[in-house]
Amino acid sequence: MYLIEKENVMKIAEELAKNYELFGPVVDKGTGQVFFDRVNDSSEISLSAEIPAIPPKHVVFPQIERIMKYKYDRSAKKAEIEAILDNRSKAIFGIRPCDLTGLIVLDRFFLGQEFVDEIYREHRKRMFIVSQNCIAPFKQCFCVCTDSGPFADEGYDLNLTLLGDYYLVEAGSDKGKELVQRLGLKSADPSYAEMKKKANDKSISLFESIATDNKAWISRVMNRITTGFIKEDVWEYIGKQCFECGACTFVCPTCSCFNVEDHNRFDGTTDRLRTWDSCSFEGYTKMAGDHNPRHPVEDRRNKRFFCKLSYSQSKKYLRPGCVGCGRCQWVCPGDIGLPNVVTYIRREITE
Amino acid sequence: MNNIVDGKIVTVPEIATIEEIKDEIQDVKTFYLKFDNPEVEKNFKIKSGQFVMLTVFGAGESAISLPPSPENDRFHLSVRRVGKVTDALHALQVGDKVGIRGPFGNGFPFEEIKGKNIIYVAGGIGLIPLRSSIVHALQHRNEFGRIIVLLGARTPKDLMYQYNIEEWLKIPGFECYVTVDQPTDGWTGHTGFVNSLIDKANIPVENTVAFVCGPPVMFNSVINDLMKRGLKDDCIISTLERHMKCGIGKCQHCAIGRTLVCTDGPVYTYKQIKTLGEEI
Amino acid sequence: MDYKSGVCNFCGTGCGNYLRISDGKITGVYSSRNHPVSKGRLCVRGWHIHEWLMTDQRISSPMIKVDGSFKNVTYEEAVNFMMEKLSPYMGSSAKAIGFLGAPRWSNENNYLFMKLARSVFKTNNITLDSESGHRGSLNVLSKVTGFPAMTGSLEQIEKTKFIMVIGSDLTRINPIIGSEIHKAQMAGTKVVTLGSRKTQMAKLSNLHLQCRPGTLKLTIALIAKVAIEKGYMDKNSASSMAGFNDFASSLAAINMAEAIGSTGISLDDIDSVAKELCGSESAMAFWSTGISGADEDTVSYIANLFLIAGKVGKENCGLNSITGLANLQGGYDMGVAPDLLTGFQSYSDGAVRSKFEKAWQVQLPAEVGNDVYQLLENKNKDLKVLFVAEHDEGIVKYEKEIANLDFVVYFGSYDNPFVNHADVVFPIAALIEDDGTYTNTERRVQISQKRIQAFNGVLSVRELFSMIAAKSGVKWSYNSSEDVFKEIASLTPSYSGLSYDKLINSTGIQWPCNSEYPNGCKSFLLKSGTALSFAKVSGTFPAVNVSEAFPFLLIPGRGEYFWHQNNIMKKSYIPKREYNATLLVYPKGFIEINSEDAKKLQVREHWTVKISSDKGSMNVSVKISEDVKPGTAYVPYFIKEMITDFLLGHSDKSDMGLDATIPVRIERV
């Protein structure tokens, strides 16, 4: 445990910017919307900004990404293929615990299982992560229901907690320790551990008054979702409200379904693109030649909530797929963000 | 970067040349392929029931099941035109290049079924993914009991691999029954759906596994009849097809229930299929 | 930060978005949480606008057609070629030259297109492509309220107490407006939908009046009739407005019992809607404009019904004509019409015309022009030359007539089936390659700024048109889109208070914006001194009846499955796939019929049936759905063959808009 004065905290970001491409929370001047995005200068970052509208997922899993390039000269029968991997070193500064948990879920999914996803691994390999604990929740938050906040306990190189005039800095890796030493931060005496715990308790206690938008006691519905023991009309009620826009998946810190398309360029080359996709789309499971195993929209919604909230999927993530950020709720044209779906299912259980 | 993991081409396709093209039935062609890189050609190993991701340059990538036997068989793909990628493939000629990744998927449980009778039930182009296993079983004829193929198609013109079947029939103890549901002039064989062959072939039940592959409607009725006859659900094996984008368990397009067809499948027992909780 | 604010360019909702531009390339899109219309939402199209914007399926070079095939040339050469070929037609006949404008182009580009037609090529034959039906709504709204656009505001949907959605499935065509209505409904607003099919919008409403096909207008008339006869109406003001007596007596002529029978809706339902609409504190009507939307007569009935209910010109009320294409409203605002100048100013008004003559320093022809589609249809073949801007659809209507023209000029960014019909093709800069303003369905003028360099060095419309003008001896001196906008503002009373400065620092401003409304105008509010008047109605309700030969009523629908056969959708991946998803299951297209009818016809899902009318026939697959009532069938036409082989034979029906109905026979094949 180390300490840095509140006004000096950006020195960490400045130090990182020397060796890394820097990403952090930025407030758009025009509309006030907060993004987690690349900055040219650490001064663009606002550590105190509210939870960003876009999670840092796109840093490791871009909305659209070129993964390969090829050129085929048919007359000469000559094919050239070039693999494209993102080998930039990236630092993410100020990620909140919910989004950090999202990143951990993505790691377990892309890097675990039978195959390692090399494209993801290249993004992730050289990454430096500085997280910040939430000393108070925001309106939309329900991470206390999903065990992913308000304080982080793993997955970071450095973790910041604002305690009065100081940030408590915890190192979670050798890389993190090395940076702390390079910056010459002073050690925090053991009493800070207790202060941090109190800050955590306080943050949790603030949920009741501040985080009023969403509640989602997901543990209550996980069993139902896993066993499929949910009445058809609940799914119908949910399906009817689905506008099939895909927004819930795009804004979700853990949704990782993708599409692959070959994009023919004007210069005669072709880019193979990996793009975000959503299981709520009708064409998602559609196979060439007239067969769609998953037809009604209820089925497709059902699939997404199964992925977020079933024990079988949790085995891949080693936790539930929902991290309690509340983003799916405010982008949904219907009224079926995950917290509401949990409510609908719980309502049925109660009845 | 190491593109080949355990003999599989994982991320970037390897270039292969079309050496020969054979017209099969309507809209189906077989493409005989050879990898340009001799090292890859040498190390490329498949299991029956697996599939590859085929890149047709300029059109995209698609999952294609593997008909060749793992041993002593030419590398080839039999492909029906059904969409953008397969349309583009059909427009290619001998000498053209394609890209191959794979092989992916679990494959048929070959070791586990040694000593048993095998029944292959195929509807139309459902014979394509089963061919690999049939040839492999015939290559090891004495390791199995009866080997029976029940093949159904819409018309006589839609019967896949007739020339192969003629060859296989020369192997002692190979049984093959064929039916069409819309006979044309000159058809002297059996008429009816493929289920009707189950009785005709008087299939064994004890110590028997059945491989079933075909369109969903045929699949369901064949399974029904096999079960009625007494076959157990864990002795009925099928290979499922799904829309796929990566082949390595990441894109999640091929998710069925809690499994992914590309890594947990494509070969499932009917017992597993029943618990997937989704239409197949 | 790589995210830059922008405006979605698909439908007329005008959602705000953020485009991610990294190293000069577009790499993504995100929703805009604080945008007053979209509030963080986008639809499937909006979430994939980057896929379209990054396409390389562009027109990369000017081309001229020589001996039947295209040849790449420079802009200079193409302009020379064009001017030379056109010289015999200049001033030859008022009907010789036509201009077909693009409802997706920016206000600036549409304004210059209109100016080019009028001041350089001296023609008033100017028509906005794709959705001429919107004009009908504008005519009615202008007549009734003096306000030639949607009178309400999307922001007020959440505040209104009663919503009536007529015909269209807004959840598909303008999903974010559909969403806003859905959210209002969840919060207590009463939502009533009218239509012959149970759409998603209908499923999300409190009450759906599922009338027989072809009786939508009649249903609206009946609600008005009941409102008057039962005394629910706003007695204080409506009865004293001009035209009330005519309207009331035309309603009185309707035989209630007979009419109820033909709509298939119970009198109780009509009564309760009339009562609730009139008694509600505030109310809004929504209808889609354009070919699959409401026709002028139906809009007149809607407007009159709301006058009777006393829901026009008041707080949180609105007669809301919803545009399906990004700048359809802006296109009309810019005077892309044979009889209009900007801001709905009448071309026939000599004072207005001389204002433009003075500003443009040209003589304008005194006569208004003709509708280009009418010119194409007319037997005399007066039209010889056609200028087309960014044809939006994958299907070319009047294909034969256009092939018979002497000379066709095409301006566009994207490769398109129309290009082959042209004799000279000019590529132009696309969205985000140039600054431009767009006016959404609720009159919100928003700016979309230049974010990337133009593809392959192509010119902007402004640069290209200035070059063409110069070639004919007219000097246009615009250095930027802003210069063009300043000119628009100076000539257009409803835009006079708008400027790029104001627009850049806002999420759009709703016109009128002028000295009277310095901050724009959210909704039309009645002021003392202005008077409302009833729209003239036809009083006729042509019944489309089934016969023994044609026992089904077929509803041709459009936008819901493949949005307008839209050309730019085909340049994307996910939205295109979602369109193809339906196409994969029903490659020949489908007809929706009720399960009862399927049983009678002895057909099942996916079986092919033959649909015949007195004009033609087509084969499609069966889709069984309870969304249509027995005796009714629905065909969304997203397959080219369906349009060319069957529906074009029924083009007379499209004049009926929402009530378009074709009696057909359905047979097993």
Side-chain angles (χ1 to χ4, degrees), chain A residues 24 26-28 30-40 44 53-54 58 62-65 240-247 249-251 259-261 263-267 271 273 275-278 280-292 295 297 327 330-335, chain C residues 1-5 16 18 20 22 26-35 39-48 50-51 54-58 60 171-172 175-176 178-180 182-183 186 200 203-204 455-456 504-507 573-574 576-582 584-587 606:
Chain A
V26 183
V27 183
D28 178 63
T31 65
Q33 182 160 327
V34 183
F35 287 86
F36 202 100
D37 202 12
R38 187 169 74 159
V39 296
N40 294 320
E44 291 173 52
I54 185 168
H58 69 101
Q63 192 165 16
I64 198 153
E65 178 175 28
K240 193 172 75 175
Q241 291 189 59
C242 180
F243 283 59
E244 298 175 60
C245 65
T249 29
F250 302 147
V251 304
N259 185 33
V260 176
E261 291 285 348
H263 181 58
N264 295 328
R265 306 306 311 227
F266 179 57
D267 64 5
D271 291 340
L273 304 175
T275 68
W276 290 354
D277 206 340
S278 170
S280 71
F281 292 138
E282 188 179 7
Y284 180 76
T285 46
K286 184 93 54 176
M287 304 191 296
D290 185 16
H291 180 55
N292 193 358
H295 199 63
V297 63
R327 291 183 180 98
W330 63 258
V331 294
C332 182
D335 203 20
Chain C
M1 188 175 76
D2 295 349
Y3 283 95
K4 309 284 176 210
S5 68
Y18 275 90
R20 190 164 194 266
S22 315
I26 181 152
T27 58
V29 65
Y30 213 74
S31 62
S32 176
R33 202 172 177 179
N34 299 323
H35 191 275
K39 298 175 191 157
R41 292 161 297 177
L42 289 172
C43 70
V44 61
R45 305 180 299 240
W47 272 109
H48 297 93
H50 58 295
E51 293 186 347
M54 63 184 276
T55 186
D56 268 7
Q57 296 174 52
R58 294 281 296 264
S60 56
T171 61
R172 294 275 182 168
I176 302 309
S179 164
E180 203 62 14
H182 171 49
K183 296 208 164 176
M186 303 272 280
Q200 188 179 8
K203 288 172 191 164
L204 294 173
F455 175 81
N456 208 32
I504 286 169
N505 295 312
S506 73
T507 45
Y573 295 114
I574 302 273
K576 182 178 71 182
R577 182 190 73 193
E578 292 311 302
Y579 155 60
N580 279 333
T582 316
L584 276 173
V585 178
Y586 305 98
H606 276 304

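So you know, we letter chains A, B, ... as the sequences are listed, proteins then strands, and number each from 1. The shown structure was predicted, so the numbers you read here are calculated from the model rather than taken from an experiment.
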Engineer: Please answer whether the main-chain N or O of A:Trp276 pairs with a side-chain N or O of A:Gln63 as donor and acceptor at a distance below 3.5 Å.
Structural biologist: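 Not confirmed, A:Gln63 side chain does not pair with A:Trp276 backbone.
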Engineer: Heavy-atom pairs under 4.5 Å with chain C are the metric here; pick the option from A:Gln241, A:Glu44, A:Glu65 that has the most.
Structural biologist: A:Gln241
Engineer: Side chain, backbone, both or neither: which part of A:Asp28 has an atom under 4.5 Å from a heavy atom of chain C?
Structural biologist: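 Both backbone and side chain.
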Engineer: Counting only non-hydrogen atoms closer than 4.5 Å, does C:Lys4 touch chain A with its backbone (N, CA, C, O), its side chain (CB onward), both, or neither?
Structural biologist: neither
Engineer: Side chain from CB out, backbone as N, CA, C, O: work out which of these in C:Asn505 comes under 4.5 Å of a heavy atom of chain A, or both, or neither.
Structural biologist: neither
Engineer: Considering only heavy atoms, which portion of A:Asn259 lies under 4.5 Å from any heavy atom of chain C: side chain, backbone, both, or neither?
Structural biologist: side chain
Engineer: Would you give the length of the straight line joining atom CG of A:Asp277 to atom CD1 of C:Ile574, rounded to the nearest 0.5 angstrom?
Structural biologist: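 Taking CG in A:Asp277 and CD1 in C:Ile574, the distance rounds to 3.5 Å.
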Engineer: Rounded to the nearest 0.5 Å, what's the gap from CE on C:Met1 to CZ on C:Arg20? Could you check?
Structural biologist: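 That separation rounds to 10.0 Å.
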Engineer: Sort C:Ser31 into side chain, backbone, both or neither according to what part of it lies under 4.5 angstrom from a heavy atom of chain A.
Structural biologist: both
Engineer: Is it the side chain or the backbone of C:Leu42 that comes within 4.5 Å of chain A heavy atoms, both, or neither?
Structural biologist: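 When you check distances to chain A, only backbone atoms of C:Leu42 fall under 4.5 Å.
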Engineer: Please look at A:Val34 and chain C and tell me whether the side chain, the backbone, both or neither of the residue comes under 4.5 angstrom of a heavy atom of that chain.
Structural biologist: neither
Engineer: Most heavy-atom pairs under 4.5 angstrom with chain C, which of A:Ile54, A:Val26, A:Val331, A:Val39?
Structural biologist: A:Ile54
Engineer: Students often mix this up, so state it plainly: with edges at 30° and 60°, are the rings of A:Phe35 and C:Tyr30 parallel, tilted or perpendicular?
Structural biologist: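 Perpendicular.
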Engineer: Would you mind checking which part of C:His35 comes under 4.5 Å of any heavy atom in chain A, side chain (CB onward), backbone (N, CA, C, O), both or neither?
Structural biologist: neither
Engineer: With a 4.5 angstrom heavy-atom cut-off, is it the side chain or the backbone of C:Lys203 that approaches chain A, or both, or neither?
Structural biologist: both
Engineer: Determine whether C:Lys576 and A:Glu261 make a side-chain contact, defined as any pair of heavy atoms from C-beta on separated by less than 4.5 Å.
Structural biologist: no
Engineer: Side chain, backbone, both or neither: which part of C:Ser506 has an atom under 4.5 Å from a heavy atom of chain A?
Structural biologist: neither
